[in-house]
Amino acid sequence: MKKLILCFLVSASLIACTNQETKTETADANIALFKENSKVVQNGFDSFIKNDFDAWSESFSDTAKYNSPVLGDTSSTQSSIRKNLEGFHAITKEFKIAKVVYLPTVDTLTFKPDGGVRSLVEWNMVLLNGDKVDMKYYAYFKFNSDHKIVSANEFFDAGSYIKLATEAGKPEPAGWLEAPS
């Protein structure tokens with residue numbers, strides 16, 4: 001009986017170690033994927049700052065879905081997303097990232113990393129009129145196997161930015177800066 005119990009305990013511990021190793025390997029692979037995808041997001045931000053939308057578009061798949069923070073915005077194509085982002089440059093002469101934190105997104109069932117990227121960014125901007133503005137921004141991105149963004153969801157105070165555009169004397173602001181009708 002003692003031998004049977006001992007064999008059972010040894011077997012159970014071996015099985016537990018094997019399962020844990022498999023789980024760890026999957027989590028490690030997804031963390032590595034997250035790190036690669038974080039570079040894609042950073043490259044997208046850098047391209048946006050430089051107003052280089054050709055380089056920016058390389059971060060996105062041709063079928064990427066985009067959810068803007070603007071109420072009523074229905075942007076979904078790369079050209080409409082690009083128009084939205086160009087709207088920032090219509091009233092802003094300088095963008096800088098004061099602070100950025102990248103975190104992995106997680107599978108909603110297992111709460112394990114899934115390769116996606118969450119970004120928390122503090123932007124410093126100088127408007128065309130010289131006013132300095134700081135903005136907090138949150139977004140999460142999902143990727144395909146080619147490290148291209150297939151889903152982007154952004155959250156920030158877009159209403160205040162529309163107000164700034166109006167106050168900056170832009171009667172017909174470019175892109176989404178025009179409030180939806």
Side-chain angles (χ1 to χ4, degrees), residues 26-108 111-128 133-162 164-165 173-178 180:
T26 301
D28 289 346
N30 284 339
I31 288 296
L33 189 58
F34 152 73
K35 289 178 180 178
E36 281 299 310
N37 290 336
S38 294
K39 293 175 189 175
V40 173
V41 173
Q42 184 63 50
N43 287 336
F45 288 156
D46 291 343
S47 298
F48 168 73
I49 289 169
K50 294 174 189 171
N51 202 12
D52 183 354
F53 289 103
D54 292 331
W56 167 87
S57 66
E58 293 174 11
S59 301
F60 287 82
S61 76
D62 292 336
T63 59
K65 303 272 190 251
Y66 173 74
N67 293 300
S68 163
V70 178
L71 182 64
D73 187 10
T74 57
S75 300
S76 59
T77 64
Q78 259 202 37
S79 62
S80 64
I81 298 166
R82 182 177 178 149
K83 184 177 177 184
N84 288 353
L85 295 177
E86 288 172 344
F88 277 107
H89 287 277
I91 66 163
T92 309
K93 64 180 175 182
E94 184 180 326
F95 289 94
K96 289 182 183 175
I97 293 178
K99 182 179 178 182
V100 64
V101 176
Y102 295 116
L103 300 167
T105 59
V106 295
D107 180 275
T108 56
F111 297 104
K112 303 289 184 197
D114 63 6
V117 177
R118 293 180 286 158
S119 62
L120 297 101
V121 183
E122 291 181 23
W123 290 94
N124 296 138
M125 299 170 278
V126 178
L127 302 179
L128 291 178
V133 178
D134 297 330
M135 181 178 71
K136 291 186 177 17
Y137 166 94
Y138 171 79
Y140 64 93
F141 305 92
K142 298 291 183 180
F143 295 81
N144 64 18
S145 59
D146 295 326
H147 302 288
K148 299 283 186 181
I149 296 170
V150 295
S151 175
N153 298 276
E154 296 184 315
F155 305 88
F156 61 91
D157 184 3
S160 291
Y161 215 83
I162 293 170
L164 289 171
W176 61 263
L177 294 175
E178 185 174 319

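Quantities reported herein were computed from a predicted structural model and do not represent experimental measurements. Numbering starts at 1 and runs along the sequence shown.
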Hey, does Phe143 have a side-chain heavy atom less than 4.5 Å from the side chain of Val41? yes
Heavy-atom check, side chain of Ser119 versus side chain of Phe45, under 4.5 Å: yes
With distance as the sole test, does Asn37 use its side chain to make a donor-acceptor pair with the main-chain N or O of Val117 at under 3.5 Å? no
So do Trp56 and Lys50 actually touch side chain to side chain, heavy atoms under 4.5 Å? no
Mind listing the closest non-hydrogen atom pair of Leu128 and Lys93 along with its distance? CD2-CB, 3.8 Å
Check: Arg82 and Asp54 side chains under 4.5 Å, non-hydrogen atoms: yes
Gap separating the CG atom of Leu120 from the CG atom of Leu103, nearest 0.5 angstrom: 6.0 Å
Would you call Phe95 and His89 a side-chain contact if the rule is heavy atoms closer than 4.5 Å? yes
Distance col, row Asp46:CG vs Ile97:CD1, nearest 0.5 angstrom, shows 6.5 Å
Without swapping roles, check the side chain of Asp146 against the backbone of Lys148 for a donor-acceptor pair under 3.5 Å. no
Where do Phe34 and Gly116 come nearest, in terms of heavy atoms and distance? CD1-O, 3.4 Å
Criterion ring pair (Phe, Tyr, Trp, His ring centres under 6.0 Å) on Phe88 and Phe156, from CA distance to verdict: CA-CA 13 Å; Phe88 277 107; Phe156 61 91; 5.8 Å; yes
What's the spacing between Ile149 CD1 and Thr63 OG1 if we round to 0.5 Å? 12.0 Å
To check you understand the geometry: which heavy-atom pair defines the closest contact between Glu94 and Thr92, and what is its length? O-CG2, 3.3 Å
What's the separation between atom CG in Asn43 and atom CG in Asp52, rounded to the nearest 0.5 Å? 11.0 Å
Between Pro113 and Asn30, what is the shortest heavy-atom contact and its length? O-ND2, 2.8 Å
Is it the case that atom CG in Asp134 sees more than 12 heavy atoms from other parts of the structure closer than 6.0 Å? yes
I'd like to check Ile91 versus Met125 (side-chain heavy atoms, cut-off strictly below 4.5 Å). Are they in contact? no
Could you tell me whether Trp123 and Phe48 have their ring centroids closer than 6.0 angstrom? yes
Classify the angle between the aromatic ring planes of Tyr138 and Phe155 as parallel (below 30°), tilted (30 to 60°) or perpendicular (above 60°). tilted
Can you tell me how far the OG1 atom of Thr105 sits from the CG atom of Asn153, to the nearest 0.5 Å? 10.5 Å
CA sep, side-chain torsions, deciding dist, call: Leu33, His147, side chain to side chain contact (heavy atoms under 4.5 Å, CB included): CA-CA 9 Å; Leu33 189 58; His147 302 288; 3.4 Å; yes
